[in-house]
Amino acid sequence: MTQTIESRLAELGVSLPQAAAPAANYVPYVVTGNQLFISGQLPMGSEGLAYKGKIGEDASLEDGIAAAKLCAINLLAQAKAATGDLEKVARLVKIVGFVNSTGDFGEQPKVINGASDFLVAAMGEKGKHARSAVSAASLPFGATVEIEAIFELA
């Protein structure tokens with residue numbers, strides 16, 4: 001029998017948080033046809049923004065990887081809020097990762113691997129995705145990473 005996303009999350013020791021409310025004039029997700037678009041998620045933890053700073057200046061590569069994983073957890077929380085059941089997700093199509101980094105930092109793909117690796121671990125084959133990993137001069141609230149996603153619904 002195929003493992004569910006929820007059972008994989010439990011094995012990984014991850015409990016999804018309540019999906020975050022938007023911080024400005026937008027919605028956290030949009031469902032159109034069989035696609036679910038999730039707005040950019042920040043590395044929000046139980047006590048607020050967990051990772052702040054610019055990689056290459058006052059945040060490390062390891063901070064960025066951990067921030068990206070937390071963004072991915074928040075993406076799944078939004079997906080669950082949108083669908084009511086993660087098993088309604090047929091697959092993850094694409095993520096776009098923004099890394100708050102200095103001009104000479106070039107390891108954005110390694111940072112966003114924090115999200116990609118987690119999503120594949122949590123979703124199995126459904127979690128394999130296309131992606132972009134780009135540098136940003138700054139991100140909202142000084143966040144280290146922001147990630148958005150597109151899912152296909154069953």
Side-chain angles (χ1 to χ4, degrees), residues 5 8-9 12-33 35-83 86 89-153:
I5 296 170
R8 287 177 183 271
L9 288 170
L12 294 168
V14 173
S15 295
L16 294 180
Q18 182 173 351
N25 187 17
Y26 63 92
V27 295
Y29 57 81
V30 171
V31 176
T32 181
Q35 292 187 316
L36 168 61
F37 292 81
I38 298 182
S39 296
Q41 298 296 298
L42 299 177
M44 300 299 283
S46 61
E47 297 182 20
L49 189 60
Y51 295 92
K52 293 181 183 180
K54 187 176 290 289
I55 299 178
E57 186 175 286
D58 54 2
S60 68
L61 173 63
E62 292 74 22
D63 291 335
I65 292 168
K69 178 182 177 183
L70 188 49
C71 290
I73 290 168
N74 291 327
L75 287 168
L76 290 180
Q78 289 292 354
K80 185 171 183 177
T83 63
L86 288 174
V89 172
R91 70 166 299 131
L92 174 58
V93 177
K94 182 175 183 178
I95 64 172
V96 179
F98 302 93
V99 180
N100 184 356
S101 55
T102 59
D104 61 345
F105 181 81
E107 297 186 81
Q108 290 80 9
K110 285 185 181 178
V111 171
I112 302 305
N113 276 347
S116 293
D117 293 346
F118 171 77
L119 289 164
V120 170
M123 299 178 69
E125 288 295 311
K126 293 180 179 183
K128 292 184 178 179
H129 54 275
R131 76 167 202 202
S132 299
V134 298
S135 180
S138 66
L139 289 172
F141 312 111
T144 305
V145 176
E146 179 175 359
I147 303 176
E148 63 182 51
I150 303 169
F151 290 91
E152 178 185 352
L153 301 176

I need the minimum non-hydrogen distance between [X] and [Y], along with the two atoms involved.
X      : Y      : value
Leu75  : Ala149 : CD2-CB, 3.8 Å
Leu42  : Cys71  : C-SG, 3.5 Å
Leu76  : Ala122 : CD1-CB, 4.1 Å
Gly64  : Ile55  : CA-CD1, 3.5 Å
Val111 : Leu61  : CG2-CD1, 3.7 Å
Leu119 : Ala72  : CG-CB, 3.8 Å

For a side-chain contact (heavy atoms from CB on, under 4.5 Å) check, start with the C-alpha distance between Lys126 and Val89, then their side-chain angles and the critical distance, and finish with the verdict. CA-CA 8 Å; Lys126 293 180 179 183; Val89 172; 5.5 Å; no
Working note: Leu9 + Phe118, criterion side-chain contact (heavy atoms from CB on, under 4.5 Å); need CA distance, chi angles, decisive distance, verdict. CA-CA 10 Å; Leu9 288 170; Phe118 171 77; 3.6 Å; yes
Look up atom [atom1] in [X] and atom [atom2] in [Y], then write down how far apart they are to the nearest 0.5 Å.
X      : Y      : atom1 : atom2 : result
Gln18  : Gln78  : CD    : CD    : 10.0 Å
His129 : Glu152 : NE2   : CD    : 15.0 Å
Leu153 : Leu36  : CG    : CG    : 5.5 Å
Gln41  : Ile73  : CD    : CD1   : 12.0 Å
Phe98  : Glu148 : CZ    : CD    : 5.0 Å
Lys69  : Leu12  : NZ    : CG    : 7.0 Å

Assess the residue pair Tyr51 and Ile65 against the criterion (side-chain contact (heavy atoms from CB on, under 4.5 Å)); give the C-alpha distance rounded to whole Å, side-chain angles, the decisive distance to 0.1 Å, and a yes or no. CA-CA 10 Å; Tyr51 295 92; Ile65 292 168; over 6 Å; no
Less than 4.5 Å apart, any side-chain heavy atom of Ile112 and any of Val134? no
Could you check if a side-chain atom of Leu86 sits within less than 4.5 angstrom of a side-chain atom of Leu16, using non-hydrogen atoms only?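 Result yes, sub-4.5 Å side-chain heavy-atom pair found.
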Distance alone, cut at 3.5 Å: any donor-acceptor contact between the side chains of Ser116 and Asn113? no
Check whether Arg91 reaches the backbone of Met123 with its side chain - one donor and one acceptor, N or O, closer than 3.5 Å. no
For Val27, is there any backbone N or O sitting under 3.5 Å from a side-chain donor or acceptor partner on Ser39?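 A pair under 3.5 Å: yes.
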Ion pair Glu57/Lys54, N-O distance below 4.0 Å: no
